[in-house]
Amino acid sequence: MGEVETPSFEMTWSSTTSSGYCSQEDSDSELEQYFTARTSLVRRPRRDQDEPVEWETPDLSQAEIEQKIKEYNGQINSNLFMSLNKDGSYTGFIKVQLKLVRPVSVPSSKKPPSLQDARRGSGRSTAVRRRTSFYLPKDTIKHLHVLSRTRAREVIEALLRKFLVVDDPRKFALFERAERHGQVYFRKLSDDEQPLRLRLLAGPSEKALSFVLKENDSGEVNWDAFSMPELHNFLRILQREEEEHLRQILQKYSRCRQKIQEALHACPLG
């Protein structure tokens, strides 16, 4: 396990796969615009289907919370302890695995942002006019130090800030993952759910509960989450697909017409 900083939302990496970058600095390039829009819009087939599952999340008294924290701290093999605060809240660590199949947008520069840049949070104060498409390393792991009242939406926003991602947070969702009876189950957290509370209730076992950041593929495209250039790109893609589909249909009927005409010419007159 990588080193974890104690301040809230510090970053820990755990990945063996190199990242890939695709520059979009020439924003007028038709090829790059097409790549950006198509990568954001087109769904890719999933290798495994997410299975919904409901967790039991009982309300705990203050004494029960204190007892749960003691039990939790007694089961972990690291220094990622939970701590009870005087106001009744508690703090602790959650681990989030990033499983993003599409590139994210980061502020463009002469070179891709390094891990040190992400830790410093550089580049967030300046206006973002140009963007670079960036594939996050596959299965990147990040630890976050959060409060019991920290919401799932705040966790997503903190992750995006640390990686300098400028995409709309609504494009992403935080999921619970659990392994039960040889099956893997996922459930998308609502914006107001509290991941640390779920972590405490489930215990420290990663099989019982872990967190995954994924694209927010809800079945419907949230058009409000896209910028104006992206929406224009989508229209261009749809026009191209429509023209290609029309060309294929015309070509199909042209071949059928030719076959019929050849058959008519081959038939003897009588």
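All of these numbers come straight from a predicted model, not from anything done at the bench.
Looking at every heavy atom in both residues, L136 comes nearest to V104 through CG-CG2, 4.2 Å. Pairing each heavy atom of L159 with each of L98, the nearest pair is CD2-CD1, 4.4 Å. Across I76 and P204, no two heavy atoms sit closer than the pair CG2-CB, 3.5 Å. Scanning both residues, F172 and I156, for their nearest heavy atoms gives O-CD1, 3.9 Å. Smallest separation of non-hydrogen atoms from I65 and L60: CG1-CB, 3.7 Å. Looking at every heavy atom in both residues, A208 comes nearest to A178 through O-CB, 3.4 Å.
E193 pairs with exactly one of R153, R187, K188, R151 by the side chain to side chain donor-acceptor pair (under 3.5 Å) rule, that one being R187. For the side-chain contact (heavy atoms from CB on, under 4.5 Å) with Y90, the lone residue among V146, I69, L147 that qualifies is I69.
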Going through the checks in order, is the side chain to side chain contact (heavy atoms under 4.5 Å, CB included) test met by K171 and N216? CA-CA 5 Å; K171 293 183 180 180; N216 189 16; 5.7 Å; no
Stepwise side chain to side chain contact (heavy atoms under 4.5 Å, CB included) check, L209 with R177: CA-CA 6 Å; L209 175 67; R177 179 186 183 277; over 6 Å; no
Can you list the steps and then say if T91 with M82 is a side chain to side chain contact (heavy atoms under 4.5 Å, CB included)? CA-CA 6 Å; T91 59; M82 289 194 188; over 6 Å; no
Run the side chain to side chain donor-acceptor pair (under 3.5 Å) test on S89 and D87 for me, step by step, so that the C-alpha distance in whole Å, both residues' side-chain angles and the decisive distance to 0.1 Å come before the verdict. CA-CA 6 Å; S89 65; D87 61 359; 2.6 Å; yes
Check the pair Q258, E262 against side chain to side chain donor-acceptor pair (under 3.5 Å), reporting the backbone distance first and the verdict last. CA-CA 6 Å; Q258 182 180 359; E262 291 175 355; 3.3 Å; yes
Run the salt bridge (Lys or Arg N to Asp or Glu O under 4.0 Å) test on D191 and R170 for me, step by step, so that the C-alpha distance in whole Å, both residues' side-chain angles and the decisive distance to 0.1 Å come before the verdict. CA-CA 10 Å; D191 288 349; R170 290 176 294 176; over 6 Å; no
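Interatomic distance, CG of D192 versus CD of E154, reported as 9.0 Å (0.5 Å rounding). Note that CG of L196 is 8.5 Å distant from NE2 of H145, once rounded to the nearest 0.5 Å. We find the OG-CG distance between S78 and L80 to be 3.5 Å, quoted to the nearest 0.5 Å. Atom CG of D167 sits about 10.0 Å away from atom CZ of R102, to the nearest 0.5 Å.
Judged by distance alone, the side chain of Q62 and the main-chain N or O of G88 form a donor-acceptor pair under 3.5 Å. E215 contributes a side-chain N or O that, together with a main-chain N or O of V101, makes up a donor-acceptor pair within less than 3.5 Å.
K142 forms no cation-pi arrangement with F211, by the criterion of a distance under 6.0 Å to the ring centre and an angle within 45° of the ring axis.
For N85, the CG atom is densely surrounded, since the number of other residues' heavy atoms within 6.0 Å is greater than 12.
Side-chain atoms of L198 and L189, non-hydrogen and from C-beta on, do get closer than 4.5 Å to each other. Within the 4.5 Å cutoff, no side-chain heavy atoms of F175 are placed close to those of K99. With a 4.5 Å cut-off on side-chain heavy atoms, P195 and T150 do not count as touching. Taking 4.5 Å as the limit, every side-chain heavy atom of R199 sits out of range of all side-chain heavy atoms of F93. Here the side chains of V165 and S105 are not in contact, with every heavy-atom distance at 4.5 Å or above. Looking at V155 and L144, their side chains come closer than 4.5 Å, going by heavy atoms from C-beta outward. In this structure the side chain of V96 reaches within 4.5 angstrom of the side chain of I94, judged on heavy atoms. Using a 4.5 Å cut-off on side-chain heavy atoms (C-beta onward), K207 and R180 make no contact.
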Contacts table for residues 243-253: side-chain donor-acceptor under 3.5 angstrom, sequence neighbours left out:
{"unit_1": "E243", "atom_1": "OE2", "unit_2": "Q239", "atom_2": "NE2", "d": "3.2"}
{"unit_1": "E244", "atom_1": "OE1", "unit_2": "R247", "atom_2": "NE", "d": "3.2"}
{"unit_1": "E244", "atom_1": "OE2", "unit_2": "R247", "atom_2": "NH2", "d": "2.6"}
{"unit_1": "E244", "atom_1": "OE2", "unit_2": "Q248", "atom_2": "NE2", "d": "3.0"}

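There is no path of hydrophobic side-chain contacts, each under 4.5 Å, that joins M228 to L235.
With no hydrogens or angles considered, no side-chain donor-acceptor pair links Q75 and E71 at under 3.5 Å.
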